[in-house]
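Take a look at the structure below.
In what follows, every chain begins at residue 1, and chains take the letters A, B, ... in the order their sequences are listed.
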There are 2 protein chains.
Amino acid sequence: MNTLQLTSRERATLIRSRFFARLPQSTVEDVLKSASVSAYEERDVLFRQDENVDDVFLVLSGLVRLCRMGKDGREADVALFPEGEMFAETAMFLKQRATASAVAAERSVIVRLNGGKLQQLAATDHEVAQALIEHLCYRGKMTEDLLAEDRLLTATQRVANFILSHCPKDSTSFRLPFQKNVLAGKLGLAPEALSRAFSTLRQSGVMVRGRLIEIHDRPALERF
Amino acid sequence: MNTLQLTSRERATLIRSRFFARLPQSTVEDVLKSASVSAYEERDVLFRQDENVDDVFLVLSGLVRLCRMGKDGREADVALFPEGEMFAETAMFLKQRATASAVAAERSVIVRLNGGKLQQLAATDHEVAQALIEHLCYRGKMTEDLLAEDRLLTATQRVANFILSHCPKDSTSFRLPFQKNVLAGKLGLAPEALSRAFSTLRQSGVMVRGRLIEIHDRPALERF
DNA sequence: TCACTTGTTTGACCGGTGTCAACAACCCTT
DNA sequence: AAGGGTTGTTGACACCGGTCAAACAAGTGA
């Protein structure tokens with residue numbers, strides 16, 4: 001971990017992010033004044049479950065996993081944040097300890113926004129409050145989607161879903177945006193189960209070579 | 001369904017609810033001006049998945065289940081709202097169709113708040129925005145908890161958890177706040193699985209008679 | 001390039017949970 | 001009190017998916 005300056009690409013990511021996109025430049029600058037940028041290696045821990053977290057995080061590049069651990073030591077991912085996503089607001093607004101650990105799932109650059117500042121802005125600036133509300137609605141829906149998928153779909157169906165939703169409608173192939181490892185975690189699967197799901201889907205015309213996924217029969221996938 | 005006046009008990013529930021408790025009387029009155037109260041029987045549908053929902057709902061008494069249905073017709077509950085809980089904000093703020101259906105899980109009285117009014121208040125009144133933010137954080141955490149439980153715990157462990165968190169620390173028994181049916185749904189279980197979990201827990205000193213649960217060995221439950 | 005580490009796949013096995021069917025318990029109405 | 005519907009329980013069974021172990025592939029660094 002290391003304190004850095006924003007590169008122009010990172011700044012662009014931040015400004016385009018769901019949360020900041022709707023805010024005026026001046027507000028963005030204001031938030032950034034009390035923010036710090038850090039780089040993390042894969043597996044670096046941003047914060048741990050049960051710690052106090054006073055800041056809000058935003059992924060400038062890379063990928064962050066939110067995971068909870070059970071008392072037996074096993075752990076389960078509850079969210080996965082790609083570039084542009086913001087997280088860890090809940091602990092702050094609820095004045096609670098973190099309910100999960102945040103771990104870099106690959107080399108990442110993260111900006112850490114001052115929680116107090118953000119909270120104060122949310123309380124005085126309608127735009128910020130509005131952005132926060134929409135952000136939280138979005139996040140809530142994400143989690144609810146995950147929960148519903150877990151409860152309604154088998155492993156293979158979840159993988160089929162993922163493929164369909166990540167392969168551009170007009171294309172027949174795409175690259176996985178992250179390691180299979182990580183994908184398994186997001187889908188609530190052991191890596192072995194993910195692998196098996198892929199091999200089941202081969203019968204429906206899904207070819208997997210490394211991170212490259214080819215779909216030869218979209219309707220077959222949708223039927224799953 | 002039927003339009004009603006607020007009884008004084010219902011009014012009290014509303015004012016004590018997580019969302020309204022922090023707001024001044026005048027704001028509450030303002031919201032109520034464009035609200036309507038309805039009574040529902042068990043299984044009555046408040047709204048259906050994919051419908052447009054312009055209002056926000058708050059449970060004055062009773063219980064509401066939020067459930068999604070998979071394409072094969074099976075359905076999974078994604079949330080359960082007891083007295084005092086508010087829901088269906090997401091559809092409004094995200095301007096999306098409902099991602100789940102809302103069904104009364106027992107005879108219930110629900111107040112329906114005008115969505116546009118609430119949205120307008122959220123945009124102009126800091127207190128309302130603040131209350132909404134905390135509400136959404138709370139809801140997000142609830143869903144995340146459910147997801148984590150599903151992924152980390154077995155059926156029996158989830159039931160043990162539920163019992164522990166609902167039995168007052170100083171007591172040795174309590175009544176289930178709703179039908180086992182509904183509990184099974186909330187825990188993501190088939191009713192049969194819930195039943196089996198209870199009978200497993202009998203070995204750890206849990207006695208179940210109808211809705212009455214007795215705990216004779218708390219530590220044993222915690223060990224599960 | 002080779003060795004080494006890390007990630008992925010496959011097989012074998014087994015425990016957990018959904019499903020179906022039958023039955024028991026309970027509630028409500030008459 | 002009887003009867004009918006609903007709700008909860010139990011057993012049998014299948015299957016999904018977790019775990020362990022081993023083989024294999026890919027990436028990394030010297």
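Residue A:Arg74 places at least one side-chain N or O under 4.0 Å from the OP1 or OP2 atom of D:dT19. Dashed line: the shortest gap from a side-chain N or O of A:Arg43 to OP1 or OP2 of C:dG7 is under 4.0 Å.
Counting to the nearest Å, the C1' atom of C:dG18 and the CD atom of A:Gln157 are 14 Å from each other. If you take CZ of B:Arg107 and P of C:dC28, they are 10 Å apart, rounded to a whole angstrom. Rounded to a whole Å, the CG atom of B:Leu201 is 12 Å from the P atom of D:dT9. Separating the CD atom of A:Glu75 from the P atom of D:dT19 is a distance of 12 Å, rounded to the nearest angstrom. Across the protein-nucleic acid pair, A:Glu149 atom CD and D:dC16 atom C1' stand 17 Å apart, rounded to whole Å. Here the P atom of nucleotide D:dC16 and the CZ atom of B:Arg151 are 19 Å apart, to the nearest Å. The distance between atom CZ of A:Arg211 and atom C1' of C:dT6, rounded to the nearest whole Å, is 13 Å. Here C:dT5 presents its C1' atom at 16 Å from CD of A:Glu41, a figure rounded to the nearest Å.
For DNA chain D, the neighbouring residues in residues 176-188 of chain B, judged by any heavy atom under 4.0 Å, are B:Gln179, B:Lys180, B:Asn181. A heavy atom lying under 4.0 Å from DNA chain D marks the following residues of residues 191-199 of chain B, by number: B:Glu192, B:Ser195, B:Arg196, B:Ser199.
More than 12 heavy atoms of other shown residues, nucleotides or ligands fall within 6.0 angstrom of atom CE in A:Met142. Residue-environment remark: CZ (A:Arg211) exceeds the threshold of 12 foreign heavy atoms within 6.0 Å. Atom CZ of A:Arg107 has 12 or fewer neighbouring heavy atoms from other residues, nucleotides or ligands inside a 6.0 Å radius.
Looking only at side-chain heavy atoms (C-beta outward), A:Val103 and A:Arg65 come within less than 4.5 Å of each other.
Contact annotation for A:Glu42: backbone-only contact, meaning every heavy-atom pair under 4.0 Å involves sugar-phosphate atoms and none involves a base.
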Item to complete: Applying side-chain contact (heavy atoms from CB on, under 4.5 Å), run through B:Arg151 and A:Arg68 and close with a yes or a no.
Response: CA-CA 10 Å; B:Arg151 291 189 168 181; A:Arg68 296 207 189 183; over 6 Å; no
Fill in: salt bridge (charged side-chain N to carboxylate O under 4.0 Å, His left out) between B:Arg9 and B:Glu83, worked out
CA-CA 11 Å; B:Arg9 182 179 174 289; B:Glu83 196 174 301; 3.3 Å; yes
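When each of A:Glu89, A:Glu144, A:Glu85 is checked for a side-chain hydrogen bond (donor to acceptor under 3.5 Å, both in side chains) with A:Arg139, only A:Glu89 meets the rule.
Using a 4.0 Å cut-off between charged nitrogen and carboxylate oxygen, A:Glu222 and B:Lys71 do not count as a salt-bridge pair.
Under the ring-ring contact (aromatic ring centres under 6.0 Å, His included) criterion, the residue pairs touching residues 52-80 of chain B are B:Phe47-B:Phe57, B:Phe57-B:Phe87, with sequence neighbours excluded.
Toward the 5′ end of DNA chain D lies the nearest nucleotide of B:Arg202, the other residue of the pair A:Thr156 and B:Arg202 mapping further downstream.
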